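Bear in mind the structure is a predicted one, so any value in this text is a computation, not a measurement. We name chains A, B, ... by the order of the sequence lines, and we start the count at 1 in each one. Heavy atoms only: backbone and side chains are in, while hydrogens, waters and symmetry mates are out.
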2 protein chains.
Amino acid sequence: MVDSKRQRELRQDVEALYFGYRTFTSLPDRILAERGLGRAHHRILYFVQREPGIAIGDLLSLLKVTKQAIHRPLKDLEKLGLLTLAPDAQDKRIRRITTSADGALLEAQLTGAQVRMLESVFADFDAETETRWRAVMRRLAEDNQEG
Amino acid sequence: MVDSKRQRELRQDVEALYFGYRTFTSLPDRILAERGLGRAHHRILYFVQREPGIAIGDLLSLLKVTKQAIHRPLKDLEKLGLLTLAPDAQDKRIRRITTSADGALLEAQLTGAQVRMLESVFADFDAETETRWRAVMRRLAEDNQEG
DNA sequence: GAAGTAGGTCAAGATGGTTGACTCAAAGCG
DNA sequence: CGCTTTGAGTCAACCATCTTGACCTACTTC
């Protein structure tokens, strides 16, 4: 019985991760929809903002998608003037991506919505709890590199 | 500076949630792919297992999708003998879903993979950390009911 | 000069959703 | 009893995102 109680607890964790993530992504989705954009655009904006001048190939590796998949959203963002693509000074095959002022603004709005949601959750707990949650989440994210 | 450090920390949390969730779902995805099934099938199996005899309409509300979206995966699962649909004894309009033995087995395999991943992560932390992580995750999942 | 690398593009297809309209059977109600 | 509502199924058209596979160009490297 102890074991099945433990299993139930873990299943509830799986569920919390599912529901939590769903709300978490639905926030920026609404903002994106107003502009006719989707999640794919947010992911690109986020990683470009995190790593300005990132090469297209590195972006593909990070997102674990094919170049065909990134093509359309990337072009959309460029056309909207939210991103700039420019060849690397040394290796001209490589195209480096940076956000424009507008792009940075939108990215801040999108990720900001998620950050504010986290802040609101953390407000219900003490600093120690937040630190421990963060440690577990990072450990969970680490596994990513392997599989 | 203190504030921007805080913002960087929170952005990293957003990222950890993204990466963590991605690995988390990629596990069952592989098992599903072997059977020619997708995530939609897992979600149905999970919630039917959690709430045996759940009505189709309630499943739709939980998953926040339309009946047209659930239709195909539901029929797939029925054809494969993983689910059983039967009219409610009182209200014959309502169709109640239950998992078959095979369906329960597959569900256990799928969610079990996720549970084992969580166990492996928790193994790196003490019980207190796990409890606190769980509390934050549940709070995050709660927000779901609103938006 | 040949081979390898970064990236772009065309094509076809899978998945997983959407909106909208319509049907049917059963239930609820005046 | 008849009308309305409700739960569900289905057809159609459409959209977003992603895939595999093939092929091309420009540039770098050896």
Report task. Enumerate the residues from residues 79-93 of chain A whose closest heavy atom to DNA chain C is under 4.0 Å, giving them by residue number; use none for an empty result. Result -> A:R93
Requested in this report: Would you kindly give the CD1-to-P distance between A:I94 and D:dC27, to the nearest whole Å?
Outcome: 13 Å
Query - Among A:R132, A:R6, A:R139, salt bridge (charged side-chain N to carboxylate O under 4.0 Å, His left out) partner for B:E130 - result: A:R6
Query - Side-chain donor/acceptor of B:Q114 to backbone N/O of B:F24, under 3.5 Å - result: yes
Query raised in the report: For D:dT19, does OP1 or OP2 lie under 4.0 Å from any side-chain N or O of A:K67?
Result: no
Query raised in the report: Do B:D58 and B:S61 have side-chain N/O donor and acceptor atoms under 3.5 Å apart?
Result: no
Query raised in the report: For A:H71 and C:dG7, is the shortest distance between a side-chain N/O and OP1 or OP2 below 4.0 Å?
Result: no
Query raised in the report: Rounding to a whole Å, what distance do you find between B:I54:CD1 and D:dA8:P?
Result: 10 Å
**Report entry** Interatomic distance where NE2 belongs to B:H42 and C1' belongs to C:dT15 [whole Å]
**Finding:** 17 Å
Query raised in the report: Out of C:dG7, D:dC18, C:dT18, which has the shortest distance to the side chain of A:A40?
Result: D:dC18
Requested in this report: Could you check which residues of residues 44-51 of chain A get a heavy atom under 4.0 Å from DNA chain D? Sort them by number, please.
Outcome: none
**Report entry** Validation row: B:R43, B:R39 side chains within 4.5 angstrom (heavy atoms)
**Finding:** yes
**Report entry** Whole-Å gap separating C1' (D:dT17) and CZ (A:R43)
**Finding:** 8 Å
Query raised in the report: Between atom CG in B:L63 and atom P in D:dA8, what is the gap in whole Å?
Result: 13 Å
Requested in this report: Output yes when at least one side-chain N/O atom of A:T66 is less than 4.0 Å from OP1 or OP2 of D:dC18, else no.
Outcome: no
Query raised in the report: Hey, does the side chain of A:R22 reach the backbone of B:L63 with a donor-acceptor pair shorter than 3.5 angstrom?
Result: yes
Report task. Ignoring hydrogens and angles, state whether a donor on the side chain of B:H71 or B:T66 is under 3.5 Å from an acceptor on the partner side chain. Result -> no
Query raised in the report: Does the gap between the ring centers of B:F125 and B:W133 come in under 6.0 Å?
Result: no
Query raised in the report: For the side chain of B:Q68 and the base of C:dG16, is some donor closer than 3.5 Å to an acceptor across the two?
Result: no
Query raised in the report: So, is A:K75 near the phosphate of C:dT9, with a side-chain N or O under 4.0 Å from OP1 or OP2?
Result: yes
Requested in this report: Send over the distance from B:D29 CG to C:dA14 P, rounded to a whole Å.
Outcome: 18 Å
Requested in this report: In whole angstrom, give the distance that lies between atom CD1 of B:I70 and atom P of D:dG9.
Outcome: 11 Å
Query raised in the report: When you measure from the side chain of B:T25 to the backbone N and O of B:Y21, does any donor-acceptor pair fall under 3.5 Å?
Result: yes
Report summary line: When every non-hydrogen atom of A:S100 is compared with those of A:G81, the smallest separation belongs to OG-O, 2.6 Å
